[in-house]
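Input: a single structure, listed below in structure tokens.
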Amino acid sequence: MTYIQIPEAYRTDALLLLVKTGFPIVCLPQKRYGVRDEHIKILKRKRIPFKKLDTSKIRMPKPSLAI
């Protein structure tokens, strides 16, 4: 899984494209997304800018207990 950030101006269009692929996307705090290689190819093909993030600096949120 690759973690990316998408500029605000392109975010809506990019996420709509990625959701339509049918592959899961991981949505994280601070507008970060975990995507598959197929998603990266689509973003590049549609020329939507994104920034790859260093995976060692990504902190996964802890699950909360349901009450």
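Heavy-atom basis, side chains included; hydrogens, waters and symmetry copies ignored.
- Scanning both residues, Gln5 and Lys31, for their nearest heavy atoms gives CG-O, 3.5 Å.
- Across Pro24 and Arg36, no two heavy atoms sit closer than the pair CD-NH1, 4.3 Å.
- Arg45 is listed as a side-chain neighbour of Ile42, based on a closest heavy-atom distance under 4.5 Å.
- Closest approach of Pro49 to Pro7, counting heavy atoms only: O-CD, 3.1 Å.
- In this structure, Phe23 is not a member of the same hydrophobic cluster as Val19, with clusters built from ILVMFWY side-chain heavy atoms closer than 4.5 Å.
- At a threshold of 4.0 Å, the pair Lys41-Glu38 does not count as salt-bridged, since none of the basic side-chain nitrogens sits closer than that to a carboxylate oxygen.
- No side-chain heavy atom of His39 sits less than 4.5 Å from a side-chain heavy atom of Tyr33.
- Of all non-hydrogen atoms in Ile6 and Arg11, the two that sit nearest each other are O-NH2, 2.8 Å.
- When every heavy atom of Leu18 is checked against every heavy atom of Ile25, the shortest pair comes out as CB-CD1, 3.3 Å.
- A single hydrophobic cluster is not seen to contain both Ile40 and Val26; linkage of ILVMFWY side chains at heavy-atom distances under 4.5 Å, directly or through other members, places them apart.
- In this structure the side chain of Ile4 never reaches within 4.5 angstrom of the side chain of Leu53, judged on heavy atoms.
- No side-chain heavy atom of Tyr3 sits less than 4.5 Å from a side-chain heavy atom of Val35.
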